[in-house]
**Student:** 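Quick one: this structure, given as structure tokens, is what I'll be asking you about.
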Amino acid sequence: MTTAKLFLHGVPDSPAIWRPLLAALDLGDTPVAVPALPGFTGPLPAGFAATKEAYADWAVGQAEGLFAAHGPIDIVGHDWGALIAQRTAMLRPDLIRSWAVSNAVIDPDYRGHRIARIWNTPILGEIFMALSKPAALAKGLAGQGMPADIAQEEAGQWANKDKRRAILKLYRSAKGLSFDHDWARDIDKLPANGALVWGESDPYVELAVAQRFAKRSATPLTVIEGAGHWAIAERPAEVAAALHRFWNTL
């Protein structure tokens, strides 16, 4: 049976960020789910708290649905989607054949990047969100390696106030990006079948974080030389090759 795949995007992205990689992966008839994080492409669902725990529970639900139809799944995450993917694998290893993450890991020593600290700060975060304009965001994302058409699409969603609210709630639930007091304590619960794929020049989560995690956990690490935070879209053929190599070992 072909193993179903679940792809989880990060911040400030949407499922659009996976298009180049999905094309490069050429998964054929493989069941694939590429959901949007709640609130990121539409209104926040009523009662959805938009905390990291709420998103992890939501992702478990996504994994349960795929598992019920197809058996153990391969979960792939980027940025916040990587953190949520790892947490899903910790909480429900019975649903997971493998996990693979790009440019973010649950690490006890990482303390977040500058923008994460701004978003974590009441009032300052709201001011930042109010002053952030789609045109500037599109230019910034494209300047960091995201394909220009996807950068425009992602930036266009910035007009969704619920998305900006959800991002602030998410980062504040993680105290910026600090996991030493909770999720990082469960790293030993991660299934062994994991892999890291990293853009070498990521300005948000430096390569040293990936190297430290790989060494501590004996997780294989593929470095995409010259790529940045969005290596999955900037260099999709190389990321796809790394994922296929990994999946072929299972």
Side-chain angles (χ1 to χ4, degrees), residues 6-13 17 37-40 48-63 75-96 98-122 124-125 128 165-199 202-221 223 228-232:
L6 173 60
F7 292 84
L8 301 178
H9 69 84
V11 175
D13 308 328
I17 197 65
L37 299 183
F40 275 59
F48 187 79
T51 62
K52 70 184 198 301
E53 306 301 344
Y55 281 107
D57 290 343
W58 165 84
V60 167
Q62 298 292 311
I75 189 169
V76 182
H78 171 257
D79 186 83
W80 255 106
L83 305 174
I84 294 167
Q86 284 192 317
R87 186 58 174 167
T88 299
M90 290 174 178
L91 293 172
R92 293 297 304 276
D94 56 304
L95 304 175
I96 306 298
S98 77
W99 57 269
V101 298
S102 176
N103 290 84
V105 287
I106 296 172
D107 179 271
D109 299 320
Y110 182 65
R111 289 295 180 270
H113 48 81
R114 183 181 66 88
I115 295 175
R117 292 191 290 273
I118 291 172
W119 284 340
N120 186 47
T121 306
L124 183 60
F128 182 98
R165 287 176 51 224
I167 290 171
L168 293 180
K169 288 175 179 287
L170 177 58
Y171 275 84
R172 290 170 187 177
S173 73
K175 299 181 179 179
L177 281 171
S178 177
F179 297 95
D180 62 323
H181 62 289
D182 52 14
W183 286 10
R185 296 185 179 184
D186 292 333
I187 287 174
D188 60 349
K189 296 180 181 179
L190 269 173
N193 290 337
L196 310 179
V197 182
W198 219 268
D202 188 341
Y204 301 106
V205 193
E206 60 271 20
L207 178 58
V209 175
Q211 292 169 329
R212 181 170 63 225
F213 187 96
K215 182 177 181 180
R216 286 175 173 174
S217 62
T219 303
L221 166 64
V223 178
H229 185 69
W230 286 277
I232 58 169

**Student:** Between atom CG of Leu8 and atom CH2 of Trp58, what is the distance when rounded to the nearest 0.5 Å?
**Tutor:**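 If we round to the nearest 0.5 Å, Leu8:CG and Trp58:CH2 are 5.5 Å apart.
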**Student:** Quick one: closest heavy-atom pair of Gly199 and Asn103, and the distance?
**Tutor:** N-OD1, 3.1 Å
**Student:** Heavy atoms only: give me the nearest Ser178-Asp180 pair and the separation to one decimal.
**Tutor:**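 Ser178 and Asp180 have their closest heavy atoms at OG-OD1, 3.0 Å.
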**Student:** Kindly write out the residues that satisfy salt bridge (Lys or Arg N to Asp or Glu O under 4.0 Å) with Asp94, not counting sequence neighbours, or none if the list is empty.
**Tutor:**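 By the salt bridge (Lys or Arg N to Asp or Glu O under 4.0 Å) rule, Asp94 matches Arg92.
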**Student:** Using the six-membered ring wherever Trp is involved, compare the ring planes of Phe128 and Trp119 and label them parallel, tilted or perpendicular (cut-offs 30° and 60°).
**Tutor:**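 Ring orientation of Phe128 relative to Trp119: perpendicular.
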**Student:** Nearest 0.5 Å, please: how far is CG in Asp13 from CG in Leu37?
**Tutor:** 9.0 Å
**Student:** Nearest heavy-atom pair of Pro220 and Gly194: which atoms, and what distance?
**Tutor:** CD-O, 3.3 Å
**Student:** Mark yes or no for whether Arg117, through its side chain, and Gly112, through its backbone, hold a donor-acceptor pair below 3.5 Å.
**Tutor:**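 At least one qualifying donor-acceptor pair exists.
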**Student:** Any donor and acceptor pair, going by atom type alone, linking the side chain of Asp79 with main-chain N or O of Gly81 inside 3.5 Å?
**Tutor:** no
**Student:** Between Phe40 and Gly10, what is the shortest heavy-atom contact and its length?
**Tutor:**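 The pair with the smallest heavy-atom distance is CE2-O, 3.9 Å.
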**Student:** Any idea which heavy atoms bring Ile232 and Ser102 closest together, and the distance?
**Tutor:**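 Looks like CG2-OG, 3.6 Å.
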**Student:** Nearest 0.5 angstrom please: Phe213 CZ to Leu221 CG, how far?
**Tutor:**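 Result: 11.0 Å between the selected atoms.
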**Student:** Looking at Trp198 and Val205, would you say the former's side chain and the latter's main chain have a donor-acceptor pair under 3.5 Å?
**Tutor:**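 Indeed, once roles are kept as given, a pair shorter than 3.5 Å links the two residues.
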**Student:** May I have the step-by-step check of side chain to side chain contact (heavy atoms under 4.5 Å, CB included) for Arg212 and Asp107, ending in yes or no?
**Tutor:** CA-CA 9 Å; Arg212 181 170 63 225; Asp107 179 271; 2.8 Å; yes
**Student:** Quick one: CD1 on Ile187 to CE on Met90, what's the gap to the nearest 0.5 Å?
**Tutor:** 5.5 Å
**Student:** Give me the ring orientation class for Tyr171 and His113: parallel if the planes are under 30° apart, tilted from 30 to 60°, perpendicular past 60°.
**Tutor:**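 Answer is perpendicular, since the angle exceeds 60°.
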**Student:** Taking it one step at a time, do Asp109 and Arg216 satisfy side chain to side chain contact (heavy atoms under 4.5 Å, CB included)?
**Tutor:** CA-CA 12 Å; Asp109 299 320; Arg216 286 175 173 174; 2.5 Å; yes
**Student:** Checking Val60 against Arg87 for the side chain to side chain contact (heavy atoms under 4.5 Å, CB included) test, could you report, in this order, the C-alpha distance in whole Å, the side-chain angles of both residues, the deciding distance, and whether it holds?
**Tutor:** CA-CA 9 Å; Val60 167; Arg87 186 58 174 167; over 6 Å; no
**Student:** Would you check if the side chain of His78 reaches a backbone N or O of His229 as a donor-acceptor pair within less than 3.5 Å?
**Tutor:** yes
**Student:** Any side-chain heavy atom of Phe7 sitting closer than 4.5 Å to one from Ile17?
**Tutor:** no
**Student:** Determine whether Thr88 and Gln62 make a side-chain contact, defined as any pair of heavy atoms from C-beta on separated by less than 4.5 Å.
**Tutor:**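 With C-beta onward as the side chain, the pair stays apart.
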**Student:** Donor-acceptor pair, Arg111 side chain versus Leu177 backbone, under 3.5 Å?
**Tutor:**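 No; judged by distance alone, with no hydrogens or angles, the pair does not exist.
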**Student:** Going from CD on Glu53 to CG on Leu91, what distance comes out if it is rounded to the nearest 0.5 angstrom?
**Tutor:**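 Here the interatomic distance stands at 8.0 Å.
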**Student:** For Ile96 and Ile75, which heavy atoms make the closest approach, and how far apart are they?
**Tutor:**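 Taking every non-hydrogen atom into account, CD1-CG2, 4.0 Å.
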**Student:** Yes or no on side chain to side chain contact (heavy atoms under 4.5 Å, CB included) for Leu170 and Thr51, after CA distance, side-chain angles and deciding distance?
**Tutor:** CA-CA 5 Å; Leu170 177 58; Thr51 62; over 6 Å; no
**Student:** Any idea how Phe179 and Trp183 line up, ring-wise: parallel (<30°), tilted (30 to 60°), or perpendicular (>60°)?
**Tutor:** parallel
**Student:** Nearest 0.5 Å, please: how far is CG in Leu196 from OG in Ser217?
**Tutor:**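 Taking OG in Ser217 and CG in Leu196, the distance rounds to 6.5 Å.
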